[in-house]
A.B. asks: 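Here it is, the structure in full.
Treat the numbers as computed from the prediction; the structure is a model and nothing was measured. Start at 1 and go down the list; that is how both ligands and their atoms are numbered. What you see below is based on every heavy atom in this structure, not just the backbone, and it leaves out hydrogens, waters and symmetry mates.
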Amino acid sequence: MVLLQSLDALANWQASLVWHEKVTGFVPTMGALHEGHASMIKLAKRQSEVVVVSILVNPTQFNNAKDFETYPRTLEGDMDKAQAAGADAVFAPSPEALYGGQPEAIPVNWGALTHAYEGARRPGHFDGVVAVVDLLFQAVQPTLAVFGEKDLQQVGVIEKLAKDWHPGLKVVVAPLVREPSGLAMSSRNARLSVQGATSALALHQALLAVQRGAQDGGVVQAVKAQRAALTANPAVTLEYLDVLDALTFEPWKGRGQEARPYVVVAAEVEGVRLIDNMPLTA
Ligand code: PAF
């Protein structure tokens, strides 16, 4: 596996491989790789001949400078994990090299998709995601790119970005990976104590209850009951629990009318912001 730290290094390596004649897979990440990322790399490897993993902590998608500064940067360990999962190259340019100067993001307004839920809680976040992923797609020019279902709203945004700006590029969604306990895997889980990780299971349980409610035809009541349970839980600070159409992030209007109904949750446990989701049809 090779480490490519500039656009030139990437282009030279791709030329040596005759990149455009191959089925190529791409997994964009911000590093701090865990089992969830490994499953994304493995999925890319199953569907392509060559796989590039990018590692770049993207400044334009953070709305909090301290969050950006303290984001874990663990390139060496990440390279071992990427290689073990089957990556052929890690592309890790500096933000300035990728953006061609001071990193900046142009505002993007795709309605609820960029401005509701995560977009509302983290203003400007999806502007930064769109900016960096667009630049990464231009640089890597893959056949397919893998994104994790865990960041469900990001998947919707990237699908629109690919459709409108990179037609022909296939977006592959890697299923959310859970700890044996049920906790959705996330780089942020490392900041939870053992007790916090146990408290966080309340989110998974709430999603399961809403999923059951949907299957029994009582989704509205299930959402109300689970919102009340999470609000009453002293270990959890609930931001939202809702059912929506994951294609648009517009509210759910009833069974059968949406292409991709999901229940989503965001909450803080021990000051760590966690998100999770579950399809309503499973
Ligand atoms: O999901 C992430 O890790 C990031 O948002 C992404 C897609 C790599 C863009 O920086």
A.B. asks: Salt-bridged, Arg73 to Asp78, with N to O below 4.0 Å?
C.D. replies: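 Salt bridge: no.
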A.B. asks: Check this for me - ligand 1, Thr29, N or O atoms closer than 3.5 angstrom, yes or no?
C.D. replies: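 No.
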A.B. asks: Quick one: does Val129's side chain get under 4.5 Å of Ile158's, heavy atoms only?
C.D. replies: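 Yes; the side chains approach each other to less than 4.5 Å.
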A.B. asks: Is it the side chain, the backbone, both or neither of Ile158 that has a heavy atom closer than 4.0 Å to ligand 1?
C.D. replies: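 Neither part.
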A.B. asks: In the structure I gave you, are the side-chain heavy atoms of Tyr117 and Leu152 within less than 4.5 Å of one another anywhere?
C.D. replies: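 Tyr117 does not reach Leu152 side chain to side chain.
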A.B. asks: Can you list the ligand 1 atoms lying under 4.0 Å from a non-hydrogen atom of Val132?
C.D. replies: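 Matching atoms, with element in brackets: 9 (C), 10 (O).
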A.B. asks: Within a distance under 4.0 Å of any heavy atom of Gln154, pick out the atoms of ligand 1 and give their elements.
C.D. replies: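 That gives atoms 1 (O), 2 (C), 4 (C), 5 (O), 7 (C) of ligand 1.
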A.B. asks: Please confirm whether Gln61 comes within less than 3.5 Å of ligand 1 when only nitrogen or oxygen atoms on both sides are compared.
C.D. replies: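 The answer is yes, given that Gln61 and ligand 1 share an N or O pair closer than 3.5 Å.
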A.B. asks: State whether a side-chain donor-acceptor pair under 3.5 Å links Asn58 with Tyr71.
C.D. replies: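 Note: Asn58 and Tyr71 side chains miss the donor-acceptor criterion.
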A.B. asks: Taking atom types as modelled and ignoring hydrogens, do the side chains of Thr24 and Thr143 form a donor-acceptor contact shorter than 3.5 angstrom?
C.D. replies: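 Note: Thr24 and Thr143 side chains meet the donor-acceptor criterion.
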A.B. asks: Which atoms of ligand 1 sit under 4.0 Å from any heavy atom of Pro28?
C.D. replies: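 Those atoms are 8 (C).
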